[in-house]
Amino acid sequence: MKIEKIKGFRDQFPEDMGPRKRLLGVAERQAEIFGFLKVDVPSLESLDLYRIKSGEELVSQTYSFVDKGGREVTMIPEFTPSVVRMLTSRKDISRPVRWYGTPKLWRYEEPQAGRLREHIQFNADIFGPDTAEADAEVIGLAASILDSLELNGEYEIRISNREITEKLLKSLGITDIQAAFAVIDRFRKTDEESFVSGIMETGASREQAQKLHEMISKPFGVGELKKKITGSIPEEDIGQDIMERMMYTGKLIGTYTESSVKYDFSIVRGLSYYTGIVFEAFDIMGEFRSILGGGRYNNLAALLSDQDIPAVGFGMGDVVIELLMKRAGKWHPESYGDSYYVASLLRGDKAYAFETANSIRRFRKAVVEVSERGLSSQMKAAASTGCTYALIIGDKEAKSGTVTVRDLTTGEQKTLYREEFLDSLEKESPQ
RNA sequence: GCCGGGGUGGGGUAGUGGAUAUCCUUGGGGACUGUGGAUCCCCGGACCCGGGUUCAAUUCCCGGUCCCGGCCCCA
């Protein structure tokens, strides 16, 4: 009987696992360099954790079920609520708290390009200070990860601000702010006419809806925010300090990366708990869904506990960035430097070859032959493992205490004393 | 949940209402216990599942399932 995979889930074979391991490794390394500490959360949570903050729409898209004890539980659809629960359960942790994690997340929806039912998400948050500096640090980490993956020039960051957008919408006569956010969120998928009519349904006039469409259509440099808004919103309707903070944040983000950072009114993020800055990163060709996204959510802790903890963070799923890395030719595993395939022609007792392999392993990767086969086959195997050198060990070598080293890229080969060979490895090794 | 397009060895494919289902590649073994991605030889491996129509279904029809893509939603 053939058992098929569950829809939207994936097997992860070495050819993708290698690059994916590097992707997550780079993200984790950058997070650590920034001083973030790793945490992990349960894969299963009470469904109520998501009811509180998001309502039935999200709940209907969760991978949830009633367990044997009659509890409504769900495979976690996001990381943040669990992390907030963790943080608020401890009062001794000094702030700012910088935490990251790489959970698997689940959603019960139809799979499509860049979206599966199970995926891995890198996630990082700063809890405590409600400052432009914390905002910039989180976005800067996101950019540094993408840059470390050699994706400079392949992406750009778009930022916006919920408060500013909300005030903008109000000044245009819009009364149903949530509905307007939903229309804006769909901006990229609709034409001007349906956008305008969608906005008109939220309380704006046609003229105002068209004005909004124009503002949303053109991202601009973050430093121009004030200029762009002046004339659109009456001065008294918008806090100067919010705009100053956004422009300052944009300036700080520029200290992390050369990549383009734009202000973009169309970024609102669907998640209702965002309160201030929101941001996403897109591939430069606009082919894929957003690579990552996040923002400030100052009210979530209060919703889930009796504590008030401002927070800012982002999540980056592994699926979209994989598409981007493949397109950019960067989907390759981490390189281990020189590596050795220990081929053996010894009859019976192969201890000499194994001693050699194990000595190499103090400094380098070594693969030792474990089959009985001719040298020709072993050399083929050496090539297919991707090793840069082959060591050939036969009776001659074992008797004389030597090894024959063959460079698999140039074909050059020499025989030298084993001790001499190992010494040279030790000297060349960085550590 | 809804809509569209697909499913032939591990991957890529050809083909057919009836015969031993094509080719390439990959995998295993051998030539080959002293030199690699080669060559030659041998071997293994497939019509997604169920039902219907039919003398006969991998082929036609229906349903399911999975894959790809879109909608909804976006964590």
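Atom set for the values below is all heavy atoms of this structure, side chains included, hydrogens, waters and symmetry mates excluded. Here the structure is a predicted model, which is why all the values come from computation and not from measurement.
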- Query: Whole Å only: how far is the NZ atom of A:K380 from the C1' atom of B:G28?
  - Reply: 12 Å
- Task: For B:G37 and B:G17, measure between their P atoms and round to the nearest Å.
- Result: 44 Å
- Task: Identify whether any heavy atom of A:G394 sits under 4.0 Å from a base atom; if not, whether one sits that close to sugar-phosphate; answer base, sugar-phosphate or nothing.
- Result: base
- Specify the separation, in whole Å, of atom CD of A:E369 and atom C1' of B:U33. 12 Å
- Point-to-point distance, once rounded to the nearest 0.5 Å, from CD of A:E420 to CG of A:D423: 8.0 Å
- Query: What integer number of Å spans the P atoms of B:C48 and B:U35?
  - Reply: 47 Å
- Query: Taking any strand in view, what nucleotide pairs with B:G50 in a Watson-Crick or G-U wobble way, both distances under 3.5 Å?
  - Reply: B:C62
- Euclidean distance for P, B:U16 against B:U59 (whole angstrom): 14 Å
- Message: Taking any heavy-atom pair under 4.0 Å as a contact, classify A:S344: base, sugar-phosphate, or nothing.
- Response: nothing
- Give A:G348 one of three labels, base, sugar-phosphate or nothing, depending on what nucleic acid heavy atoms sit under 4.0 Å from its own. nothing
- Hey, which sits more toward the 5' end of RNA chain B by its nearest nucleotide, A:I393 or A:R107? A:I393
- Task: Please find out if less than 6.0 Å separates the ring center of A:Y100 from that of A:F122.
- Result: yes
- Under the 3.5 angstrom rule, does the side chain of A:D308 hit a backbone N or O of A:A302 as a donor-acceptor pair? no
- What integer distance in Å separates A:Q378:CD from B:G28:P? 14 Å
- Go through the side-chain N and O atoms of A:T356 and A:R418 and say whether any donor and acceptor fall under 3.5 Å apart. yes
- Message: To the nearest 0.5 Å, what is the distance between CD1 on A:I291 and CZ on A:R289?
- Response: 13.5 Å
- Below 3.5 Å, does any donor atom in the side chain of A:Q61 face an acceptor in the base of B:A75, or the other way round? yes
- Item | Side chain of A:Y108 (C-beta onward), nearest among B:G34, B:G1, B:C67 | B:G1
- Task: Report the distance from atom CD of A:E110 to atom C1' of B:C74, rounded to the nearest whole Å.
- Result: 14 Å
- Message: Is there a side-chain contact between A:R186 and the phosphate of B:C73, meaning an N or O under 4.0 Å from OP1 or OP2?
- Response: yes
- Task: Using the C1' atom on both, measure B:A57 against B:U8 and round to a whole Å.
- Result: 14 Å
- Task: Taking only Lys NZ, Arg NE, NH1 and NH2, and the carboxylate oxygens of Asp or Glu, determine whether A:D130 and A:R245 approach each other closer than 4.0 Å.
- Result: yes
- Query: Mapping A:S371 and A:S384 to their closest nucleotides on RNA chain B, which lands nearer the 5' end?
  - Reply: A:S371
- Between atom CZ in A:R188 and atom P in B:G70, what is the gap in whole Å? 16 Å
- Task: Tell which nucleotide pairs with B:C40, taking only Watson-Crick or G-U wobble pairs whose two distances are both under 3.5 angstrom.
- Result: B:G30
- Task: Take the protein atom CD of A:E412 and the nucleotide atom P of B:G36, then report the distance between them rounded to whole Å.
- Result: 16 Å
- Message: Heavy atoms only, 4.0 Å cut-off, all strands: where does A:G317 land among base, sugar-phosphate and nothing?
- Response: nothing
- Report yes if a donor N or O on one partner sits less than 3.5 Å from an acceptor N or O on the other, where the partners are the side chain of A:R115 and the base of B:C73; otherwise report no. yes
- Item | Spacing of A:F9 atom CZ relative to B:U65 atom P, expressed in whole Å | 16 Å
- Task: Tell me the partner of B:G1, counting only Watson-Crick (N1-N3 plus N6-O4 or O6-N4) or G-U wobble (N1-O2 and O6-N3) with both under 3.5 Å; none if nothing fits.
- Result: B:C71
- Message: Students often get this wrong, so: under 4.0 angstrom with heavy atoms, is A:A382 touching a base, only sugar-phosphate, or nothing?
- Response: nothing
- Short side-chain N/O contact from A:R269 to OP1 or OP2 of B:A75, under 4.0 Å: yes
- Indicate, with a heavy-atom threshold strictly under 4.0 Å, whether A:F13 touches base, sugar-phosphate, or nothing. nothing
- Message: Please determine whether a side-chain nitrogen or oxygen atom of A:K189 lies at a distance below 4.0 Å from atom OP1 or OP2 of B:C72.
- Response: yes
- Task: Using a strict cut-off of less than 4.0 Å between a Lys/Arg side-chain nitrogen and an Asp/Glu carboxylate oxygen, indicate whether A:R162 and A:E166 qualify as a salt bridge.
- Result: no
- Side chain A:R406 and base B:G36 donor-acceptor under 3.5 Å: yes
- Query: Using a cut-off of less than 4.0 Å, is there contact between a side-chain N or O of A:Q112 and OP1 or OP2 of B:C71?
  - Reply: yes
- Message: If I pick the C1' atom on B:G18 and the same atom on B:U54, what distance separates them, to the nearest angstrom?
- Response: 12 Å
- Side-chain contact check for A:E78: nearest option of B:G34, B:G69, B:A75 is B:A75
- Given atom CE of A:M379 and atom P of B:A38, what is their separation to the nearest angstrom? 14 Å
- Task: For B:U26 versus B:U33, give the span between their P atoms, rounded off to a whole number of Å.
- Result: 22 Å
- Message: Taking B:C60 as the reference, what is the distance to B:C43 when you measure between their P atoms (whole Å, please)?
- Response: 33 Å
- Report yes or no: does A:Q307 contribute a side-chain atom to a donor-acceptor pair with the main-chain N or O of A:T88 at less than 3.5 Å? yes
- Message: Need one value for A:D407: base, sugar-phosphate or nothing, where a base atom within 4.0 Å counts as base even if backbone is also close, heavy atoms only.
- Response: base
- Task: For nucleotides B:G28 and B:G63, find the distance between their P atoms and express it as a whole number of Å.
- Result: 43 Å
